[in-house]
Structures are given as structure tokens and as C-alpha cells.
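Structure first, commentary second.
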2 protein chains.
Amino acid sequence: MPSQTTENYLKALYHLHLKNPEISLTELGQRLEVSKPTVNEMIKKMEKQGWVTYVRYKPITLTEDGEREAAKVIRKHRLSEMFLTEIMGFGWEEVHQIAEQIEHLKSDAFFDRMDELLDFPTKDPHGSPIPDREGNFLDNNYQMLSQMEEGQTVVLNALRSSGKEFLMFLNKKEISLGLEITINQIEAFDRSVTVSYGKHKNVVLSQAVAAKLLVSQTE
Amino acid sequence: MPSQTTENYLKALYHLHLKNPEISLTELGQRLEVSKPTVNEMIKKMEKQGWVTYVRYKPITLTEDGEREAAKVIRKHRLSEMFLTEIMGFGWEEVHQIAEQIEHLKSDAFFDRMDELLDFPTKDPHGSPIPDREGNFLDNNYQMLSQMEEGQTVVLNALRSSGKEFLMFLNKKEISLGLEITINQIEAFDRSVTVSYGKHKNVVLSQAVAAKLLVSQTE
DNA sequence: AATTCTTGTTAGGTGCTCCTAACTTTATAT
DNA sequence: ATATAAAGTTAGGAGCACCTAACAAGAATT
């Protein structure tokens with residue numbers, strides 16, 4: 001489990017790598033407001049821990065693990081900001097500083113509960129995407145089936161989970177990528193979704209399942 | 001501002017001192033699960049910082065400052081627990097561990113907002129008192145006027161604030177300690193309270209004022 | 001190509017919170 | 001009163017995240 005400091009480095013690295021995947025020590029040091037020797041030392045540690053690749057005098061790159069972990073921190077940050085504004089009624093100006101602290105709390109349950117109370121947002125109010133709990137940024141065009149509206153017809157594009165049981169479940173239901181799905185009804189109470197597809201009519205999918213099906217609307 | 005570790009020491013000291021105001025290093029070490037030399041060193045620092053009084057080989061005592069600071073941490077812990085159960089829907093078993101982390105967040109606004117959303121609780125669900133934001137434990141028999149019910153008659157016992165303006169305000173309203181107050185009505189919307197006392201009838205007190213008046217019920 | 005500027009590195013140090021091993025002081029028990 | 005047990009102390013060390021000063025490597029400039 002990354003330390004609080006490591007999480008901050010990962011977050012900074014993530015933001016910098018969006019502009020340029022090759023990150024310099026100096027750049028990173030400026031963003032984090034620490035000296036170059038400090039960054040240097042820290043990056044060597046993070047390299048040992050597998051978050052970044054680093055060779056002396058060469059730019060830093062995030063590993064896949066590092067990228068995923070960074071996304072998780074960003075997820076926690078954005079969820080926290082949403083929670084502070086939507087549920088606790090703070091103004092957007094005030095929340096950043098508090099979210100910087102909350103994002104480091106060690107409790108998946110806590111962030112899952114936030115996610116749920118916020119109704120699984122995929123974007124924060126600035127329009128920035130919120131990664132899922134595995135640290136994947138959803139493709140901007142994909143939305144969760146559970147977030148769609150009654151009457152819409154959508155195409156299944158991707159899955160948000162790839163567990164064996166989940167795949168077998170989809171198999172049994174004859175749900176596969178590319179499938180056209182029509183949303184008949186969304187139950188407000190438990191957010192289960194009733195859908196029709198192929199020769200199946202009015203199949204009920206739980207919220208848990210619907211949230212793992214990434215779809216896009218057909219025009 | 002005390003460090004996270006110092007806050008934990010203060011909290012442990014507070015709980016231990018309730019049984020016995022003279023606390024031994026060994027006891028404290030056991031509670032915090034750290035070695036005796038560690039406690040020893042840490043307590044010396046805390047003594048320099050004014051949280052405890054300590055003389056070699058003698059038991060540790062909390063200073064007034066230390067006690068107040070400890071109460072503040074306990075307040076944050078209990079508010080967090082309440083928030084996690086009441087607002088976020090966690091079960092009582094799960095919340096302790098998360099609250100242990102939340103209690104260290106540096107943001108008064110955050111805890112004030114929790115307090116507000118929870119409607120200014122004075123006790124947690126176990127019946128343990130929640131100190132106020134200045135770190136005062138309310139006397140168990142005293143309750144805030146704002147927490148009473150319509151129709152009750154109460155006696156004003158103490159004030160939760162002693163600001164000049166507040167005292168002048170009470171003066172103007174002819175409210176003083178020992179006064180008998182009858183609660184006529186509590187407005188659900190803004191929690192203002194309409195009361196009668198002495199020759200004053202149906203005086204409206206804002207929630208902010210009512211929360212600062214500590215009363216006990218007359219039998 | 002040589003100089004200069006920028007970037008990265010080493011060396012040596014600090015404060016915080018923790019440790020074990022060995023010792024001393026104080027309290028308890030015979 | 002002395003021996004033993006319990007509590008407290010000192011010395012020396014470790015890892016984390018930070019620092020400054022001084023030096024080396026690589027890039028940019030003329």
C-alpha cells in the first residue's frame with residue numbers, strides 16, 4: 001500500500017504525464033514543492049516499488065501499476081470533492097483542500113459508500129472523469145447501463161469488470177459485446193434495470209450488474 | 001497544532017486519566033502498542049509542548065491545554081462515528097476504524113458541517129458525551145436549550161460561550177443564570193425556539209443562541 | 001568545439017516516530 | 001532489611017521524507 005507521500009507523487013506524476021509521458025525530476029519537484037534531491041531519492045524508492053521506471057539522467061515514466069494507482073487516488077479525490085459539495089453542502093472553492101486530505105483515507109468501504117450516495121458519478125462537476133475503483137478511466141463515450149434512461153436503446157461496448165463469475169453470468173444471459181439493449185424500466189428503489197435484447201424480453205439486471213456494463217447510445 | 005501521533009497520545013491519555021489522573025508510561029505504552037522508550041521520549045516532547053506535566057519517574061498528568069486538546073480529538077472522533085452511521089449508513093461495527101482516520105483531518109469547517117448535519121448531537125449512540133468545539137465536555141445533566149422539547153420548563157445552568165457580545169445580548173434580553181424558561185415552540189425549519197421567562201412572553205431565540213444556553217429540566 | 005545553462009547527483013544532515021539491549025530507580029514481598 | 005520484580009531510563013540505531021551545498025552530466029548557444 002503506497003504511503004500518503006507516494007500517493008501525492010503518483011497524483012502529480014499522473015497529471016504531468018497527460019501533457020508529456022516523459023517527466024523530469026525538476027518538473028515534478030516544482031509541482032510538489034520539494035527540492036530536486038528529495039524527488040530524486042523518492043523516485044528511486046518508487047522505482048524499486050514498481051510505480052515508475054527510472055534510469056539515471058533519463059525522464060521518469062509511470063508504470064501501468066503506477067498509472068492505475070494514480071487513477072485510484074484521483075478517483076478518491078474527485079469523489080471526495082463531489083461528496084463535500086453534493087452531500088455536505090460545501091462550496092466548490094472550499095472543497096479542494098479538504099479533499100486533499102480525505103483522499104488518503106485507507107478504507108475502500110468509505111469511498112464505495114460515497115460513490116453509492118452520489119449515485120456512481122462518472123464525471124465531476126468540472127466535467128473531469130472519475131476513474132472506477134480499479135483505477136480505469138472510462139472512455140468518455142461509454143456510460144454505465146445503470147446511468148441511462150428508460151426507453152433508450154444502447155450498444156454494449158465494454159465491461160467494467162472482468163471477473164470469471166461475471167463473464168459466466170453474462171454468458172448464461174446471452175449478453176455479449178456489441179449487443180443492442182433496450183431499457184424498459186429503471187426501478188428507483190434499488191436501481192435495478194429491466195431490459196430487452198435479442199430474443200430476451202424484460203430481463204431484470206441488478207444495479208451491480210448494470211453498473212458494470214458500459215454502453216453508448218445508438219443514434 | 002498537534003501532530004497526528006500527538007493527537008493519538010492525547011486521546012489515550014484522556015481515556016486513561018478518567019480512571020486515574022496519574023498515568024504511568026507503561027500503561028500508556030500498552031494502550032498505544034509502543035515500547036516504553038518510545039513513550040518516554042514522546043512524553044518528554046509533549047511536556048515541552050505543554051500538553052502534559054512530567055517529572056522523571058513520576059506519573060504523567062494532562063495539563064488543562066492537553067485535556068482540552070484531547071477533548072477536541074474525541075469530539076472529532078465521535079462526530080465522525082455519528083456521521084458514518086447516521087448520514088452514510090454504516091453499521092456501528094465498521095465505523096470505529098474509519099473514524100480513527102477521519103478524526104485527524106485538519107479542517108474545522110469539515111467537522112462543523114458534520115455537527116450541523118447531525119443537528120448538534122451532545123451524545124453519541126453509546127451515550128458518550130460529545131465535547132463542544134472548544135473542547136469542553138458538557139456536564140452530563142446539562143443540555144442545550146435547542147435540544148429540548150416543546151412544553152418543557154428548564155433552568156439555565158451554564159453558557160457554552162462567553163464572548164462579550166453574547167453576554168451583552170443576554171443582558172439585553174434579561175436572561176441570566178438560574179432563570180426558569182418555558183419552551184413554547186420549536187420551529188422545525190430553522191430550529192429557532194420560542195420561549196417565555198420572567199415577564200417576557202414568546203421571545204424568539206435563534207438556533208445559534210439556543211445552542212449556547214445549557215439548561216436542565218426542572219422536576 | 002568550447003562555453004554556458006540546465007538538469008541530475010552525491011554527500012551529509014535534520015526531525016519525527018519507532019525499535020532493542022542494557023542499565024537504574026522505585027515498589028513489592030518475604 | 002534485603003531480594004526480587006516492575007517501572008523508567010539511556011544509548012544507539014532505523015526508516016521516512018525532507019533539506020543545503022557542492023559537484024557532474026547533458027543540452028543549448030555562440
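What you see is a predicted model, and the numbers here were worked out from it, not measured in a lab. First the proteins, then the strands, lettered A, B, ... as listed; each starts at 1.
- Judged as a side-chain contact (heavy atoms from CB on, under 4.5 Å), and not counting sequence neighbours, the contacts of B/T61 are B/T53.
- Counting to the nearest Å, the P atom of C/dT25 and the CG atom of B/N40 are 14 Å from each other.
- Formation of a donor-acceptor pair under 3.5 Å by the A/T63 side chain with backbone atoms of A/G50 is found in this model.
- In this entry the distance linking CD of A/E47 with P of C/dG8 reads 15 Å, nearest Å.
- Here B/K11 pairs with B/E103 in a salt bridge; the nearest charged N to carboxylate O distance falls below 4.0 Å.
- Using a cut-off of 4.0 Å between Lys/Arg side-chain N and Asp/Glu carboxylate O, A/R75 and A/D132 are scored as not salt-bridged.
- Within 6.0 Å of CD on A/Q97 lie no more than 12 heavy atoms contributed by other residues, nucleotides or ligands.
- B/L117 pairs by the side-chain contact (heavy atoms from CB on, under 4.5 Å) definition with A/M88, B/F83, B/I87, B/R113, not counting sequence neighbours.
- Remark: side-chain polar atoms of A/S128 are not paired, donor with acceptor, to backbone N or O of A/D124 under 3.5 angstrom.
- Within residues 18-37 of chain B, the residues that place at least one heavy atom under 4.0 Å from DNA chain D are, in residue-number order, B/S24, B/L25, B/T26, B/K36, B/P37.
- Along DNA chain D, read 5' to 3', the first and last nucleotides having any atom under 4.0 Å from a heavy atom of chain B are D/dA7 to D/dT10.
- For B/R31, there are no salt bridge (charged side-chain N to carboxylate O under 4.0 Å, His left out) partners at least two apart in sequence or on another chain.
- An end-to-end axis angle of 0° holds for the helix from C/dA1-D/dT30 to C/dT30-D/dA1, taken from five base pairs per end and rounded to 10°.
- Evaluation of the side-chain contact (heavy atoms from CB on, under 4.5 Å) rule for B/E41 yields no partner, not counting sequence neighbours.
- Residues passing the side-chain contact (heavy atoms from CB on, under 4.5 Å) test with A/K44 are A/N40, sequence neighbours excluded.
- Scanning residues 50-58 of chain A for heavy-atom distances under 4.0 Å to DNA chain C yields A/Y54, A/R56, A/Y57.
- Contact annotation: B/T38 reaches the phosphate of C/dC19 (side-chain N/O to OP1 or OP2, under 4.0 Å).
- When rounded to the nearest whole Å, the span between CD1 of B/I43 and P of C/dT17 equals 12 Å.
- In terms of the salt bridge (charged side-chain N to carboxylate O under 4.0 Å, His left out) criterion, residue partners of B/K106 (sequence neighbours excluded) are, by chain and number, B/E7.
- Counting only residues at least two apart or on different chains, the ring pair (Phe, Tyr, Trp, His ring centres under 6.0 Å) pairs with a member in residues 22-80 of chain B are B/H77-B/H96.
- Among residues at least two apart or in separate chains, side chain to side chain donor-acceptor pair (under 3.5 Å) pairs with a member in residues 15-25 of chain B are B/S24-B/E27.
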